[in-house]
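Below is one structure, written out as structure tokens; the observations come after it.
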2 protein chains.
Amino acid sequence: MKRSIEIINYTKETTDIARFAKALGHPTRITILMYLENQSCCFTGDLVDILPLAQSTVSQHLKELKDAGLIQGELKPPKIKYCIHQENWNKAKELFVNFLK
Amino acid sequence: MKRSIEIINYTKETTDIARFAKALGHPTRITILMYLENQSCCFTGDLVDILPLAQSTVSQHLKELKDAGLIQGELKPPKIKYCIHQENWNKAKELFVNFLK
DNA sequence: CAAACATATCGTATATTTGCGATAAACAAA
DNA sequence: TTTGTTTATCGCAAATATACGATATGTTTG
């Protein structure tokens, strides 16, 4: 897209909140995270079974959650166990609570 | 995009969280909301002065925040005063806190 | 009514997101 | 080593988001 020359210098807090929020900004990803909260952990395949989406699509949503730092994957060959990244989860909570004060 | 025939039936809570999060998923909108939290209210022009973005772009971000229910506009002709929509703001806080427990 | 002002909306260009099927990669088991 | 299992990645298409300038809208003032 056309863009102003100037590059906007947001504060770290601002970009952190926006980054977490963006990752949370899709109902499928919320569903995945709610599932993880209940099960504490799960495999990609479990989610593929639950969600009416292609395996590649689920994998892509997981990647986005991982890139945002909200989940982490642990190798349990040939599967991968995904869990909530508790440290970043707490950080996100702190940011949101403080922001939505 | 290509889509599975099936329409996904997310819970209301899921779509509510995702909708709020999506609106919060851009640093410019976080900046606007932080400004509103400090000033309590402001005019579109104030934000145009602060942000290195075109007036139409700022207006568009405000529309998204309004559509998500996070802010509300009050006519103070010829200006429009924007404030945080406290009721929905609290609702968002509740949803996030509960979700990020 | 005309002019000035503030803001929204339109039209458009580009970037990003979302989804799929196909394929690749990594590992276990035979 | 081959086969099966699981997951990630690639390539593509469609949808949505982001940004801009131009224009429209609504209101006050002269």
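- One can place CZ of A:R19 at 17 Å from P of C:dT16, the figure rounded to the nearest angstrom.
- Here the P atom of nucleotide D:dA8 and the CG atom of A:L65 are 12 Å apart, to the nearest Å.
- Residue A:H61 places at least one side-chain N or O under 4.0 Å from the OP1 or OP2 atom of C:dG19.
- Sparse packing is recorded around CD of A:E94, with 12 or fewer heavy atoms of other residues, nucleotides or ligands lying under 6.0 Å away.
- Atom CD in B:E74 sits roughly 14 Å away from atom P in D:dT27 (whole-Å rounding).
- Considering only heavy atoms from C-beta on, A:L24 comes within 4.5 Å of A:F96 through its side chain.
- A sub-4.0 Å separation between OP1 or OP2 of C:dT17 and a side-chain N or O of B:H26 is absent.
- The CG atom of A:D67 sits 14 Å away from the C1' atom of C:dT16 (whole-angstrom rounding).
- Of the candidate nucleotides D:dC20, D:dA17, C:dT18, D:dC20 has the atom lying nearest to any side-chain atom of B:Q60.
- Salt-bridge formation is detected for the pair B:E37/A:K101: a Lys NZ or Arg NE/NH1/NH2 atom is positioned less than 4.0 Å from an Asp or Glu carboxylate oxygen.
- In this structure, B:E87 places its CD atom where only 12 or fewer heavy-atom neighbours from other residues, nucleotides or ligands lie under 6.0 Å away.
- Distances shorter than 4.0 Å separate none of the side-chain N or O atoms of B:T57 from OP1 or OP2 on D:dT18.
- Looking at B:Q72 and B:Y82, their side chains never come closer than 4.5 Å, going by heavy atoms from C-beta outward.
- When the C1' atom of C:dT18 is taken as reference, atom CG of A:L24 falls 17 Å away, rounded to whole Å.
- In terms of phosphate contacts, B:K63 brings no side-chain nitrogen or oxygen within less than 4.0 Å of OP1 or OP2 of C:dT7.
- Regarding A:L51, its CG atom lies at a distance of 10 Å from the P atom of C:dC20, rounded to whole Å.
- We find that CD of A:E64 is positioned 8 Å from C1' of C:dT18, with the value rounded to whole Å.
- Between A:L53 atom CG and D:dA8 atom P the separation is 15 Å, expressed in whole Å.
- Across C:dT9, D:dT9, C:dT16, the shortest atom-to-atom separation from the side chain of A:K22 is found for C:dT16.
- Side-chain atoms of B:E13 and B:N98, non-hydrogen and from C-beta on, do get closer than 4.5 Å to each other.
- Ring centers of B:F99 and A:W89: under 6.0 Å apart, within the cut-off.
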Close N or O pairs between protein and nucleotides 3-7 of chain D (under 3.5 Å):
residue : atom : partner : partner atom : Å
D:dT7   : OP1  : A:T44   : N            : 3.3
D:dT7   : OP2  : A:G45   : N            : 2.9

